[in-house]
Amino acid sequence: MLSFLYARQSGLDDPVRLRRAESTRRVLSLELNHNRDVARVHGNGINTLDIEVIDGRYMLSGGSDGVIVIYDLENNSKKLQYSCKTVCTVGRSSRHVHKFSVETVQWYPHDTGMFVSSSFDKTMKVWDTETLKPAEEFQFDGNVYCHHMSPVARKHSLIAVGTKDPKVQLCDLKSGSCIHILQGHRGEILSVRWSPRYEHILATASTDSRVRVWDVRRASGSLFTLDQHNGDKSKASSEAVNTAHNGRANGLCFTADGLHLLTTGTDDRMRLWNSATGENTLVNYGKVVNESRKGLKFTVSRGCSPEFVFVPCGTSVAVYGLHSGELITMLRGHYNNVDCCEFHTDYQELYSGGKDCNILAWVPVLRQPDIEDEENNSKRGGTQAAVNPAFEDAWSSDEG
């Protein structure tokens with residue numbers, strides 16, 4: 001740490017190196033925070049979480065009971081032990097509540113005054129945060145598994161929606177209607193994700209084992225389909241040609257820079273792809289247990305070097321090195337299967353939700369105080385700390 005500080009102060013290093021080093025240290029020391037509770041509101045499992053990026057203060061959750069909750073993550077009590085309070089809830093008593101399980105919630109990327117939810121009741125609702133009433137409601141023919149808004153779009157306001165229908169639907173917030181359909185998949189759409197780098201690039205994952213990447217400005221079909229064998233037909237059976245996984249492809253996540261795309265499937269595999277070429281980078285993550293029949297909500301770190309992947313894995317959250325494939329640790333604390341996790345970029349914290357109705361906070365372990373801090377603390381009447389003899393004052397004396 002001292003070498004990083006010296007290099008930054010003397011201009012030898014870019015300040016971002018110190019920030020990345022500290023962010024990485026914090027992620028590697030994540031553990032369950034026993035001093036922070038998240039208010040328990042859901043009566044059934046928690047399917048989805050989202051933290052807004054404007055202030056990094058408010059978190060959305062959606063549950064199997066159809067309930068949506070907004071939490072305030074800030075510690076206003078200034079005490080070590082505190083509970084993240086609910087700001088408001090769309091509960092069973094509300095006439096606007098979803099009738100069945102809420103599968104995805106997402107804040108509007110540019111303003112916390114709006115958020116979007118989608119559900120197995122075949123609807124997607126655009127909510128006014130102030131009134132907790134839907135400003136817009138989209139109806140579909142089948143269960144809605146997922147939706148996603150682009151975090152960087154300036155030229156469009158499209159929401160990509162995945163349903164039981166093999167067609168990917170693009171809904172326009174401005175017109176309030178479904179304006180475009182992407183055809184190519186042969187099964188239910190379990191996950192959709194916009195690129196954080198290019199506002200017109202969309203990735204979709206389906207039960208047909210395929211992951212397609214689209215440029216939504218083109219009407220001639222997908223740009224390419226991810227192939228786990230990178231075009232080597234000798235390694236693939238005839239039915240496995242151009243498939244990303246050997247089971248259902250049910251999870252998507254771009255890296256923060258948009259240069260790579262992670263996919264998960266029910267073949268218990270996770271794969272890392274070059275998002276520009278569609279090439280399988282062949283990073284081996286080993287067996288990534290995945291029994292989800294719906295979309296898997298996993299996430300990646302941001303601002304670390306190297307980056308990390310957080311994946312729900314049974315009752316734990318598995319943490320992998322993004323490019324090494326190494327299993328770093330397993331975060332254990334839930335009493336039932338974990339369904340979703342969300343990384344808080346500002347503080348390198350992780351929140352996970354599961355079928356045990358709990359949301360757990362995983363936070364970095366605090367640094368041990370330096371020797372100088374301990375000495376100052378003891379001089380002020382604080383706790384006496386054992387000081388290395390090399391740092392003791394041998395020149396002055398308290399006597400006389």
Side-chain angles (χ1 to χ4, degrees), residues 16 50-54 104 106-111 114 116 118 124 145-162 167-175 178-185 189-206 210-228 230-231 242 244 249-264 270-281 283 295 297-307 309 322-323 342-343 345:
V16 75
D50 190 41
I51 299 172
E52 49 88 12
V53 296
I54 308 299
T104 311
Q106 185 189 6
W107 288 103
Y108 181 59
H110 311 298
D111 185 5
M114 183 168 73
V116 182
S118 54
M124 179 176 70
Y145 286 107
C146 55
H147 74 266
H148 193 237
M149 289 178 282
S150 170
V152 294
R154 289 290 185 269
K155 296 180 180 177
H156 72 75
S157 53
L158 299 175
I159 307 177
V161 185
K167 302 182 184 74
V168 181
Q169 321 246 10
L170 296 180
C171 300
D172 188 11
L173 274 175
K174 290 180 180 176
S175 65
C178 181
I179 63 167
H180 195 35
I181 287 172
L182 305 176
Q183 300 188 66
H185 284 293
I189 309 300
L190 298 181
S191 186
V192 294
R193 210 77 183 178
W194 291 97
S195 165
R197 193 176 188 90
Y198 304 109
E199 63 178 277
H200 294 102
I201 300 299
L202 175 72
T204 58
S206 168
R210 288 174 168 80
V211 174
R212 293 179 180 270
V213 178
W214 315 75
D215 184 334
V216 297
R217 297 169 297 184
R218 290 172 35 141
S220 57
S222 58
L223 289 174
F224 49 80
T225 303
L226 301 184
D227 179 9
Q228 60 183 304
N230 284 334
N242 280 351
N250 67 348
L252 295 171
C253 188
F254 279 95
T255 54
D257 56 14
L259 296 177
H260 291 90
L261 174 66
L262 278 156
T263 65
T264 57
M270 180 164 63
R271 296 194 166 94
L272 182 69
W273 312 79
N274 182 315
S275 62
T277 63
E279 179 189 8
N280 183 359
T281 63
V283 174
K297 309 292 196 307
F298 66 105
T299 187
V300 295
S301 65
R302 182 170 184 152
C304 300
S305 181
E307 299 290 5
V309 191
L322 176 66
H323 293 287
E342 185 71 14
F343 185 71
T345 307

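Contact check for Met270 versus Thr263: no side-chain heavy atoms found under the 4.5 Å cut-off. In this structure, Thr204 and Val213 have side chains that are not in contact, with every pair of non-hydrogen atoms separated by 4.5 Å or more. Taking the side chain as every heavy atom from C-beta outward, Leu190 and Leu252 never approach each other to under 4.5 Å. Residues Leu182 and Lys167 fail the side-chain proximity criterion, which asks for heavy atoms closer than 4.5 Å. Considering only heavy atoms from C-beta on, Val216 comes within 4.5 Å of His200 through its side chain. Counting heavy atoms from C-beta on, the side chains of Gln106 and Met114 never come closer than 4.5 Å. Counting only heavy atoms from C-beta outward, the side chains of Ile159 and Leu173 approach each other to under 4.5 Å. A 4.5 Å side-chain heavy-atom check between Val152 and Trp194 finds every atom pair outside the cut-off.
A distance of 8.0 Å separates NE2 of His148 from CG of Asp50, quoted to the nearest 0.5 Å. Taking CD of Glu199 as the start and OG of Ser150 as the end, the distance is 6.5 Å to the nearest 0.5 Å. In this structure, the separation between CD on Gln169 and CE on Met124 is 9.5 Å, given to the nearest 0.5 Å. The line from CG of Asn280 to CG of Asn230 is 5.0 Å long, rounded to the nearest 0.5 Å. Distance SG/Cys253 to CZ/Phe343: 11.5 Å, rounded to 0.5 Å. Atom CG of Leu158 and atom NZ of Lys174 lie 9.5 Å apart (nearest 0.5 Å).
With sequence neighbours left out, Phe298 forms a ring-ring contact (aromatic ring centres under 6.0 Å, His included) with no residue at all. Partners of Trp273 according to the ring-ring contact (aromatic ring centres under 6.0 Å, His included) rule, which considers only residues two or more places apart in sequence or in another chain, do not exist here. Contacts of Ser206 classified as side chain to side chain donor-acceptor pair (under 3.5 Å), with partners at least two apart in sequence or in another chain: Asp208. Under the rule for a salt bridge (charged side-chain N to carboxylate O under 4.0 Å, His left out), Arg193 has no partner lying at least two apart in sequence or in another chain. With sequence neighbours left out, Ala249 forms a side chain to side chain contact (heavy atoms under 4.5 Å, CB included) with Ala205, Val211, His245. Take Ser195 and apply the side chain to side chain contact (heavy atoms under 4.5 Å, CB included) test, not counting sequence neighbours, and it matches Arg197, Tyr198, Ile201, Phe254. Under the rule for a side chain to side chain contact (heavy atoms under 4.5 Å, CB included), the partners of His323 that lie at least two apart in sequence or sit in another chain are His260, Leu272. Under the side chain to side chain donor-acceptor pair (under 3.5 Å) criterion, Ser222 pairs with Arg212, sequence neighbours left out. Residues passing the side chain to side chain donor-acceptor pair (under 3.5 Å) test with Asp257, sequence neighbours excluded: Thr255. Under the rule for a side chain to side chain donor-acceptor pair (under 3.5 Å), Ser305 has no partner lying at least two apart in sequence or in another chain. With sequence neighbours left out, Cys146 forms a side chain to side chain contact (heavy atoms under 4.5 Å, CB included) with Thr104, Val192. The salt bridge (charged side-chain N to carboxylate O under 4.0 Å, His left out) test applied to Asp215 returns Arg217, not counting sequence neighbours.
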Evaluate the side-chain contact (heavy atoms from CB on, under 4.5 Å) criterion for residues Leu223 and Arg218: first the C-alpha distance (whole Å), next the side-chain angles of each, then the deciding distance (0.1 Å), finally the verdict.
CA-CA 9 Å; Leu223 289 174; Arg218 290 172 35 141; 3.7 Å; yes

Run the side-chain contact (heavy atoms from CB on, under 4.5 Å) check on Val116 and His147 step by step: do they pass?
CA-CA 9 Å; Val116 182; His147 74 266; 3.5 Å; yes

side-chain contact (heavy atoms from CB on, under 4.5 Å), that's the test. Do Thr345 and Val53 meet it? Break it down for me.
CA-CA 9 Å; Thr345 307; Val53 296; over 6 Å; no

Could you go through the side-chain contact (heavy atoms from CB on, under 4.5 Å) check for Val161 and Val168 one step at a time?
CA-CA 6 Å; Val161 185; Val168 181; over 6 Å; no

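In summary, the aromatic rings of His180 and Trp214 are positioned with their centroids too far apart to meet the 6.0 Å limit.
For the 3.5 Å distance criterion, the side chains of Thr281 and Asn274 fail to qualify, holding no donor opposite an acceptor. In this structure, a donor-acceptor pair under 3.5 Å is absent between the side chains of Thr299 and Glu342.
Of all the heavy atoms in Gln228 and Ala244, the pair that sits closest is CB-O, 3.6 Å. Between Ser175 and Ile179, the closest heavy-atom pair is OG-CG2, 3.8 Å. Minimum heavy-atom separation, Ala256 to Pro196: O-CG, 3.8 Å. Shown here for Leu261 and Ala203, the closest heavy-atom pair between the two residues is CD2-CB, 3.9 Å. What you find for His110 and Ala153 is that their closest heavy atoms are NE2-O, 3.5 Å.
Put simply, the side chain of Ser191 never gets that close to the backbone of Gly251: no donor and acceptor are under 3.5 Å apart.
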